Undergrad: 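Please read through the structure below; I'll follow up with questions.
Every chain is numbered from 1, with letters handed out A, B, ... down the list of sequences. What you see is a predicted model, and the numbers here were worked out from it, not measured in a lab.
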Amino acid sequence: MKPAFKNPLLFGVVFALIVTTGFMQSWTVALKLLNMGLISAIMALGVNMQWGYAGLFNVGIMGFVALGGLGAVLVSMPPVGEAWSAGGARALLALGVAAATIGAAVALWKRLRPGPKRGLLLTALLVAGFFLFRWLFDPAVAAIEAVNPAGTGYLGGLGLPVLIGWPVGGLLAAGAAWIVGKTALGLRSDYLAIATLGIAEIIIAVLKNEDWLSRGVKNVTGIPRPFVVPYEIALQRSPWFLSRMQALGVDPVTGSSVAVKLLYAVLFALVLLALIWLSQKALHSPWGRMMRAIRDNEEAAEAMGKDVTGRHLQIFVLGSAVVGIAGAMMTTLDGQLTPGTYQPLRFTFLIWVMVVVGGSGNNWGAVLGGFLIWFLWVEVEPIGLWLMNVITAGLPEGSALKQHLIESAAHMRLLTMGLILLLVLRFSPRGLIPER
Amino acid sequence: MDLLNAFVALANFVLVPAISYGSQLALGALGITLVYGILRFSNFAHGDVMAFGTMVTILVTWWFQDMGVSFGPLPTALLALPFGIVATMALLVGTDRLVYRFYRRKKAAPIILVMVSLGVMFIMNGLVRFIIGPDDQRFADGLRFLIKARDFKAMTGLREGLAIKTSAGITVVTAIIVVAALFWFLNRTRTGKSMRAFSDNEDLALLSGINPERVVLYTWMIVGALSTIAGVLYGLDKSFKPFTYFQLLLPMFAAAIVGGLGNPVGAIAGGFVIAFSEVTVTYAWKKVLVYLLPDSLEPDGLVQLMSTDYKFAVSFAILIIVLLFRPTGLFKGKAV
């Protein structure tokens, strides 16, 4: 089949799957699928930049998603004035001291000649800086977290529109990516994978434990919606909306929930389209050709005078920023930041399956993979449960094996996703929509 | 100043836990480093291989306990261990035949193999959760302590007690035996020598008539044994939870890289470096300092450098430092 015919067909199939869910289950489920599909597609797009354009293996997607979510919180939540006056300034000063210590250590390392003197000075500086930091930081944190711990107990955000939080989330993720990339790029390709695995665990640990920043496992709830998306309650009270729903013959409660999800879908689709447009432009520009040249033969590209490590750092940061934006969007959609729910299998490896299945190196492929794999991830569970019920139908009611099998059906997802990944890598490594 | 009590407190809370945790990490890192040295990729499925081996061991342990078989004061799991090892070897050799061999023949880039190992990890993780569930399982039985804190105090008359768990003792003894056997195998036997030759220079090894498939087969079998032993020891010492085993991947990789990927001695050293740093950084030093400092200087806080929730940050920090200053590891590894 020609790509011009096949690709729209594939997208049509995925769209039909979602519409079928709408008819079979409910429209709210279908729209939820669509919204998370859009977000997954953006994440896949970001990962595809790293893997598809440049061959960089990022195993820490979860961390960048979570940082994006933090960005949304820090921008949109109202500031907690009391907490700021209790210890905000001191906490910021402490963080400043920490940053200054690291900066000074780097400068020291570069200025002094190698030798035991340099090592001693560096150690002394770092130890002193650490204790100064803790001396400033600990009381500030205690003071902040003591302010109404059940309700706030954190500094809050800036109280700005959440839409500003999306690019800010991207920036946070880009910053973390820069730190990782700066150290791990230019070495063996596996090192980046291991370093990203580590940074993701640490970001999640910070979000879980630094209550002054993100309320930790107490979660931040009630993140304000973007101004274009009204609340369901407000819709149900608006006479204009009620008359509309009456004209359509739809229950206003269902109608309001569908309307809100549709508005989100439009918003997310706009972001996705903008990002695809930019990525396509970039991929077909001289810059994109250079990237692929580097990916296909690093030595040759280096011999042509291309700065391989520099370009890798650039694309790694860009891709992570896109993932961060998606993370901020997801937190906005959920209306809450729940650090306890970030699981590597869901947020890192699932995105990888999306990219590989869709077609690495092709932006449309990544987007298709995002929708398709998200659909499967959600639907495999009920299908697995149904399958288990069918398989165990012959077993006597109340048998331990039957109960165990039905309870374990939830873990079918992991098996299925792993199997899909392996099968695609083996038999169709270029994915559904291959790179041209 | 009370050096003796300070030392006992240090031994009780830092030295003993770090030595047993370090041995467990070292065994895990050895598996990673062997796969890296011979098959030339970073095996992300290693944590879940450990979980699989431990799971089989736990199931057999439960079966033994049901039948009333026990190992006296030692945990029954030690009797079940060989079953776990054999099952894991079979799983790994089967995975190699079904999955990895294809890419090896094709001479695929290492990064593709890393990705494939990610898929394998997914499947093994699902398998383990499917069979035993995602929850915590405790399977240690037998004597709990070699030395109890109270007995130690009565014996020595010191204020601080020293408790040594049976699992810690078993860990250290087993680790020493396993490592000795491994090095004997690698340095003295024909197969071991061919494995080292293959790891040093693949082309030369092939030219001198070494059968690569045989080398790979033995590697997977050794890795299966090492990872199952590491997993069971860790499970006996703490507890078994599939997700914890996945998370062990980071400290194990850090240990392998610190020592130099592909270098078995380095993996052992790396395991202890990571374990000692993790324990010392997250330990609340107040208890030791109370004995060392005069009363006037007694610390107010716990003198804990970092909360235990950040233990992964320690492995990560060490990893970053090594990558920045000595990417080949402390002992010379293969990778640059």
Side-chain angles (χ1 to χ4, degrees), chain A residues 51 55-57 59 109 130-131 134 138 179-180 182-184 186-195 197-202 204-206 208-210 216 343-345 348-350 352-353 356 404-405 407-426 429, chain B residues 36 40-42 44-45 98-99 102-103 108-116 118-134 242-243 246-247 249-251 253-254 256-257 261 301 305 307 309-313 315-317 319-321 323-325 327-328 334-336:
Chain A
W51 172 247
L56 299 177
F57 195 54
V59 200
W109 183 261
F130 180 77
F131 280 101
R134 287 291 294 260
D138 289 356
I179 294 174
V180 176
K182 196 77 188 150
T183 44
L187 300 168
R188 253 198 72 93
S189 46
D190 314 31
Y191 283 0
L192 180 71
I194 296 160
L197 183 79
I199 191 88
E201 292 283 348
I202 290 171
I204 300 301
V206 167
K208 271 187 189 166
N209 294 300
E210 298 303 314
Q343 297 282 336
L345 291 169
T348 298
F349 303 117
L350 194 65
W352 270 107
V353 180
V356 171
H404 178 82
L405 282 177
E407 274 172 12
S408 312
H411 308 303
M412 288 282 283
R413 279 173 163 188
L414 296 173
L415 275 174
T416 329
M417 289 302 146
L419 212 57
I420 291 175
L421 183 65
L422 285 185
L423 289 175
V424 171
L425 276 175
R426 172 83 174 253
Chain B
Y36 188 88
R40 295 186 163 76
F41 71 94
S42 305
F44 272 77
L98 275 175
V99 184
F102 171 79
Y103 298 96
I111 203 73
I112 300 288
L113 273 162
V114 174
M115 208 156 178
V116 170
L118 211 65
V120 171
M121 184 203 81
F122 244 123
I123 293 186
M124 287 189 183
N125 199 304
L127 203 65
V128 170
R129 286 175 190 224
F130 191 77
I131 296 176
I132 204 166
F243 189 64
F246 162 77
Q247 284 189 316
L249 210 53
L250 182 64
F253 264 118
I257 291 177
L261 267 176
L305 295 179
S307 95
D309 301 303
Y310 289 123
K311 57 180 184 193
F312 294 114
S315 332
F316 182 72
L319 182 74
I320 292 290
I321 291 169
L323 288 188
L324 279 177
F325 297 110
T328 47
K334 301 167 70 71
V336 179

Undergrad: Say you draw a straight line from CD1 of Ile257(B) to CD1 of Ile194(A); how long is it, rounded to the nearest 0.5 Å?
TA: 3.5 Å
Undergrad: Tell me, side chain or backbone of Leu56(A) under 4.5 Å from chain B's heavy atoms, or both, or neither?
TA: neither
Undergrad: Should we count CZ of Phe131(A) as having more than 12 external heavy atoms under 6.0 Å?
TA: no
Undergrad: Calculate, to the nearest 0.5 Å, the distance between atoms CG and OH belonging to Leu323(B) and Tyr191(A) respectively.
TA: 6.5 Å
Undergrad: In the structure I gave you, are the side-chain heavy atoms of Phe122(B) and Ile420(A) within less than 4.5 Å of one another anywhere?
TA: no
Undergrad: For Met124(B), is it the side chain, the backbone, both, or neither that has a heavy atom closer than 4.5 Å to a heavy atom of chain A?
TA: neither
Undergrad: Using a cut-off of under 4.5 Å on heavy-atom pairs, state which of Val120(B), Leu98(B), Leu118(B), Ile112(B) scores highest against chain A.
TA: Leu118(B)
Undergrad: Which atoms of Leu324(B) come close to chain A, meaning under 4.5 Å heavy atom to heavy atom: side chain ones, backbone ones, both, or neither?
TA: side chain
Undergrad: Is Val128(B) in contact with chain A via its backbone, its side chain, both, or neither, using a 4.5 Å heavy-atom distance?
TA: neither
Undergrad: Is chain B contacted by the side chain of Arg426(A), its backbone, both, or neither, given a heavy-atom distance below 4.5 Å?
TA: both
Undergrad: Pick one of side chain, backbone, both or neither for Pro429(A), based on which atoms fall under 4.5 Å of a heavy atom in chain B.
TA: neither
Undergrad: Could you look at Val206(A) and say if it's the side chain, the backbone, both or neither that has a heavy atom under 4.5 Å from chain B?
TA: both
Undergrad: Counting only heavy atoms closer than 4.5 Å, note whether Phe130(B) contacts chain A via side chain, backbone, both or neither.
TA: both
Undergrad: Between CG of Leu414(A) and CG of Asn125(B), what distance do you get to the nearest 0.5 Å?
TA: 5.5 Å
Undergrad: List in chain and number order the residues that pass side-chain contact (heavy atoms from CB on, under 4.5 Å) with Leu113(B), two or more places apart in sequence or in another chain; answer none if no residue qualifies.
TA: Phe41(B), Tyr100(B), Tyr103(B)
Undergrad: Measure Ile199(A) against the heavy atoms of chain B and call it side chain, backbone, both or neither at under 4.5 Å.
TA: both
Undergrad: Apply the test side-chain contact (heavy atoms from CB on, under 4.5 Å) to residues Ile320(B) and Lys182(A): give CA-CA distance (whole Å), side-chain angles for both, the deciding distance (0.1 Å), then the verdict.
TA: CA-CA 10 Å; Ile320(B) 292 290; Lys182(A) 196 77 188 150; over 6 Å; no
Undergrad: Return the set of residues passing ring pair (Phe, Tyr, Trp, His ring centres under 6.0 Å) with Phe243(B) (not counting sequence neighbours), or none when no residue passes.
TA: Phe246(B)
Undergrad: When rounded to the nearest 0.5 angstrom, what distance separates CG in Asp190(A) from CG in Leu261(B)?
TA: 7.5 Å
Undergrad: Pick one of side chain, backbone, both or neither for Ile123(B), based on which atoms fall under 4.5 Å of a heavy atom in chain A.
TA: both
Undergrad: Determine, using ring centers only, whether Trp109(A) and Phe325(B) are less than 6.0 Å apart.
TA: yes
Undergrad: What part of Leu421(A) is in contact with chain B, defined as an atom under 4.5 angstrom from a non-hydrogen atom: side chain, backbone, both or neither?
TA: side chain
Undergrad: With rounding to the nearest 0.5 Å, note down the distance linking NZ in Lys208(A) to OH in Tyr310(B).
TA: 11.0 Å
Undergrad: Look up atom CZ in Phe57(A) and atom CE in Met115(B), then write down how far apart they are to the nearest 0.5 Å.
TA: 5.5 Å
Undergrad: Grab the two heavy atoms, one from Val116(B) and one from Leu425(A), that are nearest each other, plus how far apart they are.
TA: CG2-CD1, 3.8 Å
Undergrad: Tell me whether Asp309(B) contacts the main-chain N or O of Asn209(A) through its side chain, where contact means a donor paired with an acceptor under 3.5 Å.
TA: no
